[in-house]
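Some notes on the structure that comes next.
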Amino acid sequence: MDPRRMSDESVDSDSYRAFWADEFADQIEARLAEHGGSDDPIVIKGGVSPSGVAHLGNINEIMRGFFVAEVLRARGHEVRQVFTSDDKDPLRKLPRKLADSSGEIVGLGEVDAGALGRNLGKPYTAIPDPFGERESYAAHFAALLEADAERLGVPLDLYSNTALYADGTFDPVVRHVLKNADRAREVLSQYQAKVDADYVPFNPVCSECGKLTETVTNIDLAAETVDYICTDMNVGDTTIEGCGHEGTASFRAGKLPWRFEWPGQWQVLGVDFEPFGKDHAEGSWPSGVDIAENVLDIEPPVPMVYEWFTLNGEALSSSAGNIVTVTELLELLEPEIIRYFFAINPKKARDLDLSRLDQLVDDFDRFERAYYAALDDERLTAFAEAAYPHVVREVADERPIRLPYTFAAVLGMVDDPAFREKLARDEGHIPADADERDIERALARIQKAREWAERNDNQYNYRLQTELPATEFDTNVADALDSLAGVVADGATGEEIQAAIYDTAREHDLAVGDLFEAGYRLFFDETQGPRLGEFLGDLEADFVVGRLRRER
RNA sequence: GGGCUGGUAGCUCAGUUAGGGAGAGCGUCUGGCUUUUAACCAGACGGUCGGGGGUUCAACUCCCUCCCAGCCCGCCA
């Protein structure tokens, strides 16, 4: 088989799929049919090194697989979504940012960086948790990732790669690869120039210093051990020093190089489908297919390549600090909107612009409307029909109440929950007969939008001032405010107040803008704000009157 | 240098699998909501579909070529 085959193979050209996950489900079913269709449960895998904070890019690995798993489940298959924490990999460089056990980002300076630095070259599972809580560095970050998955409603079977070696799961693969080291070498050499006659596809852990080494001098198949010398290891532009120790390691005291380990995982976990980023598409994947077929003698899973997305127009980068975590994002968005983000076309490189989250939310709301009531957009409707149930996890009988995100941000200018609800009702966003729980759910968006407005300090970042701001007005402005107060005291409605602002300004020979500005100053301590008259009309009249008179 | 993926309106994206009308939402502008101030409504403006060439009656779509971005082709994962 062509090792470069990509995901478009075996797609039935007659079957158009509105949702990409259906296409992959088709491929997986076709693959199953080839060997009798008795392969349940279907195994979908993903995996990352627990090298540091799991940012939203890493969540691709989880969410892309999730949608395919969900589609297959809906078709009646039993599906396991497994995820490997590739935690026997060595720590190669210190991350600049970490995250504590609640997911809050902290700088490297806040932990014992020196202690961490001494662990370069050791497997993540052999490094202490910098926060001193879990059994290892790996366990700390794996727990965070697992928590993210849970918050997104994705059930995962998380595997520690180290554990797979330790408990013997990997034994048959290691044995096989080392027994067929010549073949392994021959296959891999087609993909990696560095693979020469001395290459051994195994990296032992040095019994002296605990670091992974790559200089194996002898394989003893009978004893199932290798001899090694702990030499220096080049990692990028830095060198991790070996201790020079010459020793012997068992097949479990080390690991396969990634190019073999990945296909090995397919074998021991029985993987049917695996999504991966475009970085793997041209490197590990072709060699992995070749190794699976010609070294391990297994069939590789159905692949899927996803494009990377950018954050605020720039590449995601832990070192540059351009990352966002699920924890952070959940303060700004409902989980279904994060899932929606990963439901859209994985082949397109997209940008997640945190300053324009309103756009993403609007898109989601529209997507949701398309599911409940066909919009005049066939593509969107077809996509929503296929994807929406998996995005929301539980489909409500009726379309949930949604406040437009920017409107929610406007409501976030006031703190009083009852007032927020009143405004939303007045504006027609909440049906009169709406259920209490549904309203509560809808209003929950306000807090997220408020957080968004504050964090971006954007045009919605105003807050109703509960205390009288320090102000100074010209006499005629002050007079105008007093007479406006009179209008409000007489029980004017919002619309009437709005009209009165214009009238009053004219009567007092003021530019309308100046009076508006005075009003915004009094209520928001700003020069601009939401539509003032209607806003004031919804506030308590006594409060408005007192404030307009600069009394409280 | 070779390969893979992407490039459609100011922004976010559909549409390319199978050639036939260039689209949506948001933003902007204008108008309405009794008279510039963000929530609501209506309309308009807005694109050489990255550039060029070719095939075709017809190209965003197929072919060639070039440009831009990311990734892979060293190591590592």
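Below, chains carry the letters A, B, ... as their sequence lines are ordered, and counting in each starts from 1. All values reported here derive from a predicted model rather than from experimental measurement.
Across all strands shown, nothing is found opposite B:G27 as a Watson-Crick or G-U wobble partner with both distances under 3.5 Å. Here B:C45 sits opposite no nucleotide as a Watson-Crick or G-U wobble pair (both hydrogen-bonding atom distances under 3.5 Å). With a cut-off of 3.5 Å on both pairing distances, the Watson-Crick or G-U wobble partner of B:G6 is B:C68. Pairing for B:G20 goes to B:C57, judged as Watson-Crick or G-U wobble with the two contacts each under 3.5 Å. In this structure, B:G1 and B:C73 make a Watson-Crick or G-U wobble pair, each of the two defining distances being under 3.5 angstrom.
Put simply, A:Arg350 has a side-chain N or O that comes within less than 4.0 Å of OP1 or OP2 on B:C13. In this model, the phosphate group of B:G25 is not approached by any side-chain N or O of A:Arg379 to a distance below 4.0 Å at OP1 or OP2. At B:U12, none of the side-chain N or O atoms of A:Lys348 fall inside 4.0 Å of OP1 or OP2 (strictly under the cut-off). A:Gln192 has a side-chain polar atom (N or O) that falls below the 4.0 Å cut-off from OP1 or OP2 of B:C76. An OP1 or OP2 oxygen of B:A77 is reached within less than 4.0 angstrom by a side-chain nitrogen or oxygen of A:Lys255.
Regarding A:Asp351, its CG atom lies at a distance of 11 Å from the P atom of B:C11, rounded to whole Å. Atom-to-atom, CG of A:Asp363 to P of B:A14 comes out at 10 Å; the value is rounded to the nearest Å. Atom CG in A:Leu357 sits about 18 Å away from atom P in B:C11, given to the nearest Å. Atom pair A:Arg356:CZ and B:G10:P shows a separation of 14 Å (rounding to whole Å applied). In this structure, CG of A:Asn458 is placed 15 Å from C1' of B:C11, rounded to the nearest angstrom. Between A:Leu354 atom CG and B:C11 atom C1' the separation is 15 Å, expressed in whole Å. Taking atom CZ of residue A:Arg366 and atom P of nucleotide B:A14, one finds them 13 Å apart after rounding to whole Å. Across the protein-nucleic acid pair, A:Leu403 atom CG and B:A39 atom C1' stand 11 Å apart, rounded to whole Å.
The listed nucleotides are B:G3, B:A77, B:C26; the one nearest the side chain of A:Glu282 is B:G3. Nearest nucleotide to the A:Lys194 side chain, out of B:G74, B:C4, B:C26: B:G74. When the nucleotides B:A39, B:A77, B:A14 are ranked by their closest atom to the side chain of A:Asn345, B:A14 comes out on top. Closest to the side chain of A:His280, out of B:C76, B:A77, B:U12, is B:A77. With distances taken from any side-chain atom of A:Asp503 to the nucleotides B:U35, B:A77, B:G25, the minimum falls on B:U35. Of the listed nucleotides (B:C40, B:C76, B:U5), B:C76 has the atom at the smallest distance from the side chain of A:Arg92.
Donor-acceptor pairing under 3.5 Å, judged by distance alone, is present between the side chain of A:Ser284 and the base of B:A77. At a cut-off of 3.5 angstrom, counting only N and O atoms as typed in the model, there is a donor on one side and an acceptor on the other between the side-chain of A:Lys278 and the base of B:G70.
A:Tyr462 comes within 4.0 angstrom of a base, heavy atoms only. Here A:Gly513 lies in heavy-atom contact (under 4.0 Å) with a base. Among the heavy atoms of the strands lying under 4.0 Å from A:Trp308 are primed sugar atoms or P, OP1, OP2 only; no base atom is included. Contacts of A:Asp358 with the nucleic acid, taken as non-hydrogen atoms under 4.0 Å apart, are absent. Among the protein residues, A:Ala499 comes within range of the nucleic acid bases, having at least one heavy atom under 4.0 Å from a base atom. At the heavy-atom level, A:Gly428 lies nowhere under 4.0 Å from the strands shown. Using a 4.0 Å heavy-atom distance criterion, A:Phe383 is classed as making no nucleic acid contact.
The gap from the P atom of B:G50 to that of B:G15 amounts to 15 Å, rounded to the nearest Å. B:A69 and B:G32 are spaced 48 Å apart, taking the P atom of each and rounding to whole Å. B:C62 sits 8 Å from B:G19 when the C1' atoms are compared, rounded to a whole Å. Look at the C1' atom in both B:U17 and B:G52: the space between them is 26 Å, to the nearest Å. Between B:U55 and B:C29, the distance separating the two C1' atoms is 43 Å to the nearest Å. Taking atom C1' in both B:C76 and B:G1, one finds a spacing of 23 Å when rounded to whole Å. For the C1' atom pair drawn from B:U48 and B:C67, the interatomic distance equals 15 Å after rounding to whole Å. Comparing B:G53 with B:C45, their C1' atoms are spaced 33 Å from each other, to the whole Å.
A donor atom on one side chain and an acceptor atom on the other are not found under 3.5 Å apart for A:Asn456 and A:Ser355. Defined by atom type and a distance below 3.5 Å, a donor-acceptor pair is missing between the side-chain atoms of A:Tyr388 and A:Glu336.
We find that A:Lys348 and A:Glu307 are not joined by a salt bridge, their nearest charged nitrogen and carboxylate oxygen being 4.0 Å or further apart. Between A:Glu526 and A:Arg463, none of the side-chain N atoms (NZ, or NE/NH1/NH2) sits under 4.0 Å from a carboxylate O, so this pair counts as no salt bridge. Taking 4.0 Å as the cut-off between side-chain N and carboxylate O, A:Glu368 and A:Arg402 count as a salt-bridged pair. Salt bridge A:Asp503/A:Arg506: present, at least one basic N to carboxylate O contact under 4.0 Å.
Toward the 5' end of RNA chain B, the nearer of the two residues A:Gly283 and A:Leu411, judged by each one's closest nucleotide, is A:Leu411. Along RNA chain B, the nucleotide nearest to A:Phe535 and the one nearest to A:Leu380 differ in position, and the one closer to the 5' end is contacted by A:Leu380.
Cation-pi geometry between A:Lys88 and A:Tyr165 is met: under 6.0 angstrom from the ring centre, within 45 degrees of the axis. Cation-pi geometry between A:Lys278 and A:Trp308 is met: the NZ or CZ atom falls under 6.0 Å from the ring centre, inside 45° of the normal.
Taking the six-membered ring for Trp and the full ring otherwise, the centers of A:Phe83 and A:Tyr159 sit at least 6.0 Å from each other.
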